[in-house]
Amino acid sequence: MKKVLIVGGVAGGATAAARIRRLDEQAQIIMFERGPHVSFSNCALPYYLGGLVKSKEKLLLMTPESFQTKYNIDARVNQEVIRIQRDEKKVEVKNLETNEVYEESYDVLILSPGANPVVPPFEGVDLPHVFTVRNVVDIDRLHQFVSGSNVERVAVIGGGFIGVEVAENLKEAGKEVALVEYAPQIMAPFDEDMAQILHKEMLDHGVELIVGDGLKKITETHIELNSGKQVEAQAVVLAIGVKPEVKLAKEAGLEIGELGGIKVNANYQTSDPSIYAVGDAIEVYHRLTRKPARLALAGPAVRQARAAADHIYGHKQENKGVIGSSVVKIFGLNCAVTGLNERAAKEAGIPYDSVYIIAPDKVRIMPNSNPLHFKLIFEVPTGRILGAQAIGKGNADKRIDVIATLITMGGTLEDLKELELTYSPIYGTARDVVNIAALVGLNVLHGDYKQVHVSEVRSLVEQGATFIDVREKNEFERGHLVNAINIPLSELRQRLEEIPRDKPVYVHCRSGQRSYNAVKILQHSGYANVYNVSGSFLGICLYEYFKDVTTGREKIVTEYNFK
């Protein structure tokens, strides 16, 4: 009979335990969890604050009793593994309720300790109104505190997934919320141009958003930032990030990877073949960069746990690495991402280009049709798809799941162009935004036309470049680039003489479709130096909006027309 010990529950540990039981009815399986809850919905924690999850009990997925009755798994809560004796294949366990320390032997040990919130040594970090969010106990403490009548303003430090979700849910609970991010943007997996859409959504819903400024100290009444700015706060939530919990592994002499996570092989074995590790504590292989990575997501942790359990019992499995797919809701927007963004592609030394499409998420005459902002990143010159980002009120996750599948299969722009997807006017368009992005990407890749990105527009405007706005006159009058020339597409063929042939010409409309047609007209009329603005006027507005309203820069757009 095989004896398997598992350190940590939740996604990784609980999945490994359940899979081992399905593979071996006779195995003795013991799972240790130092907290009071062995299986809970980690990713749903912030939604308890906003009331979407009605009670903390709803967060609990399995109890020790249910593990015992359903799986014959001995799940021990409030029990911390404090030492691994590798030579004797034993662990030391501390019962946190009685302080008793005892030993337990193992044939196989699986480590799934997760990651701890990063808590830098800020002044005031130990004050009673400062919180982190890792488990049900944490979120319940925070919920009880902010529910008090004296808490009106909350400062959330960190603009990653947890910080953004906590900020949104606290706002939904009626609190005044300030979200502080040290980097120039929130949500690092998104590129800067796409992140501005998220910034606007936060501002539009009353969140005080502060980027490019970090926390300096916390007092009983406010926080102070590096800039000297003070923000009133009766509660502070630290969501700066997480770091792998490797103390137990390191003390046992297991190899730690270059990024600080537990190093594992393709089968999730550590440097000790009898010890496996899965989840947020390990380093994984990124299939696109071909380098080690850390990925604190539940989906990969579940797959790793199953693969480790399978390997223990000799079942073959193929480790293709990770690509990093995720989705987050920010008020009215669904925001999804997969693979590499531009920054990651550049850091990996991969030659790339990107296209930015704004297309309806379903047929325009449908009452709930909305724009979907979609960015596709691809390798040059192969057209291999590297990543994508989608933001909109509709099914952004559906589109990113399509791209994630193609990346996993080594797909290219040609594959995406030919992809046959379901269609009905109430669900999508006959040519979906992902297909459109592939067509645009192929045009750029093959040199059928040239483009500039929204991030390049300001410098061109400031240099006095020629911009042709092919929207209709009434659209132009509601807002336009300060030096743009308005020649509607419907009049373009009759007004070619107004467009210079001896210098570059940059064309845009509202979302990119009319300007593409205008570029083709100009090319066929002998214009050789014509560029389409990727993302067009709506993309320009969104890119410039947040920076202008927060930095006081001179506007290059007369009005911000987002409709």
Problem - Interatomic spacing from CG in L59 to CG in N42 - rounded to 0.5 Å - result: 9.5 Å

Exercise for the section: Count the heavy atoms of every other residue, nucleotide or ligand shown that sit under 6.0 Å from OH of Y182, and state whether that count exceeds 12. Expected result: no

Completion exercise
Between the OG atom in S147 and the CG atom in L49, the distance rounded to the nearest 0.5 Å is 8.5 Å

Practice task
Tell me, yes or no, whether the heavy-atom count around R493 atom CZ, taken from other residues, nucleotides or ligands under 6.0 Å, exceeds 12.
Solution key: no

Practice task
Check the pair L376, L413 against side chain to side chain contact (heavy atoms under 4.5 Å, CB included), reporting the backbone distance first and the verdict last.
Solution key: CA-CA 10 Å; L376 184 68; L413 292 173; 3.6 Å; yes

Completion exercise
Heavy atoms of A390 and F374 approach each other most closely as CB-CD1, 3.8 Å

Problem - Test: K291 and E347 ion pair at under 4.0 Å - result: no

Exercise for the section: Taking all heavy atoms of V302 and all of A11, pick out the closest pair and write down the distance. Expected result: CG2-CB, 4.1 Å

Problem - Side-chain heavy atoms of N334 within contact of N395, under 4.5 Å - result: no

Practice task
Verify side chain to side chain contact (heavy atoms under 4.5 Å, CB included) between I323 and T338, making sure each step is shown before the conclusion.
Solution key: CA-CA 7 Å; I323 58 175; T338 190; 3.5 Å; yes

Exercise for the section: Find out whether L489 and C509 are in side-chain contact, i.e. whether some heavy atom of one side chain is under 4.5 Å from a heavy atom of the other. Expected result: no

Handout entry: Heavy-atom side-chain proximity of I223 to I157 below 4.5 angstrom
Key = yes

Practice task
Kindly give the heavy-atom pair with the smallest separation between V177 and K171, and that separation in Å.
Solution key: CG2-N, 3.7 Å

Handout entry: V284 side chain near P300 side chain, heavy-atom distance below 4.5 Å
Key = no

Problem - Exam field: side chain Q234 to backbone E152, donor-acceptor pair closer than 3.5 Å - result: yes

Handout entry: Whether N341 side chain and G387 backbone form a donor-acceptor pair below 3.5 Å
Key = no

Handout entry: Y516 side chain to V440 backbone, donor-acceptor under 3.5 Å
Key = no

Practice task
Look only at the side chain of E475 and the backbone of E472, and say whether a donor-acceptor pair between them is shorter than 3.5 Å.
Solution key: yes

Completion exercise
Distance col, row E379:CD vs L445:CG, nearest 0.5 angstrom, shows 10.0 Å

Practice task
Before giving the answer on side chain to side chain contact (heavy atoms under 4.5 Å, CB included), spell out for N529 and V505 the whole-Å C-alpha distance, their side-chain angles and the decisive distance to 0.1 Å.
Solution key: CA-CA 6 Å; N529 207 1; V505 174; over 6 Å; no

Problem - I403 side, atom CD1; S325 side, atom OG - distance, nearest 0.5 Å - result: 10.5 Å

Problem - Partner set under side chain to side chain contact (heavy atoms under 4.5 Å, CB included) for E192, not counting sequence neighbours - result: Q185, Q196, Y543, K547

Completion exercise
Between S354 and the options D191, I377, L386, the side chain to side chain contact (heavy atoms under 4.5 Å, CB included) test singles out I377

Exercise for the section: Indicate yes or no: at least one non-hydrogen side-chain atom of K398 is less than 4.5 angstrom from one of T422. Expected result: yes

Problem - From L225 atom CG to Q230 atom CD, the distance as rounded to the nearest 0.5 Å - result: 9.0 Å

Problem - Sidechain-backbone polar pair: T132 side chain, L238 backbone, donor-acceptor under 3.5 Å - result: no

Handout entry: Donor-acceptor pair, side chain of R153 and main chain of E232, under 3.5 angstrom
Key = yes

Problem - Distance in Å, I385 CD1 paired with T412 OG1, rounded so as to fall on 0.5 Å steps - result: 6.5 Å

Completion exercise
Sorted by chain and number, sequence neighbours left out, side chain to side chain contact (heavy atoms under 4.5 Å, CB included) with Q451 holds for D353, V355, V444, Y449, H453, S534

Problem - Partners passing side chain to side chain donor-acceptor pair (under 3.5 Å) against S41 (at least two apart in sequence or in another chain) - result: none

Problem - Closest non-hydrogen atom pair, S369 against D361 - result: CA-OD1, 3.6 Å

Practice task
May I ask you to test the V363-Y423 pair for a side-chain heavy-atom distance under 4.5 Å?
Solution key: yes

Handout entry: SB check D432 R399 (cutoff 4.0 Å)
Key = yes

Problem - SB check R458 E462 (cutoff 4.0 Å) - result: yes

Problem - Worked check of side chain to side chain contact (heavy atoms under 4.5 Å, CB included) between M202 and V164 - result: CA-CA 9 Å; M202 283 285 188; V164 164; 3.5 Å; yes

Practice task
Give a yes or no on whether a salt bridge exists between E456 and K450, defined as a side-chain N under 4.0 angstrom from a carboxylate O.
Solution key: no

Exercise for the section: Give a yes or no on whether the backbone of T466 and the side-chain of N483 come within a donor-acceptor separation of less than 3.5 Å. Expected result: no

Problem - Side-chain heavy atoms of V180 within contact of L215, under 4.5 Å - result: no

Problem - Atom CD of E559: over 12 foreign heavy atoms under 6.0 Å - result: no

Practice task
Keeping the roles fixed (side chain from K320, backbone from T408), state whether a donor-acceptor pair exists under 3.5 Å.
Solution key: no

Handout entry: Student check: side-chain heavy atoms of K362 and I426 closer than 4.5 Å
Key = no

Exercise for the section: For atom NZ of K329, decide whether the heavy atoms of other residues, nucleotides or ligands shown that lie under 6.0 angstrom number more than 12. Expected result: yes

Handout entry: NZ/NE/NH1/NH2 to OD/OE distance under 4.0 Å, K375 and D193
Key = yes

Exercise for the section: Work out which heavy atom in D469 is nearest to a heavy atom in A484; give both atom names and the distance. Expected result: CB-CB, 4.3 Å

Problem - Residues, nucleotides or ligands: over 12 heavy atoms within 6.0 Å of R431 CZ - result: no

Practice task
May I ask you to say whether K417 pairs ionically with E414, meaning some side-chain N is under 4.0 Å from a carboxylate O?
Solution key: yes

Handout entry: Flag if over 12 foreign heavy atoms under 6.0 Å of CD, Q494
Key = yes

Practice task
Would you indicate whether Y527, at its atom OH, is surrounded by more than 12 heavy atoms from other residues, nucleotides or ligands within a distance under 6.0 Å?
Solution key: yes

Practice task
Measure from the side-chain N and O atoms of D138 to the backbone N and O of R134, and report whether any donor-acceptor pair falls under 3.5 Å.
Solution key: yes

Exercise for the section: Identify the two heavy atoms, one from F190 and one from Q389, that lie closest to each other, and give their separation to 0.1 Å. Expected result: CA-OE1, 3.5 Å

Practice task
Look at the aromatic rings of F331 and H205 and report parallel, tilted or perpendicular, splitting at 30° and 60°.
Solution key: parallel

Problem - Y48 side-chain N/O to K58 backbone N/O, donor-acceptor pair under 3.5 Å - result: no

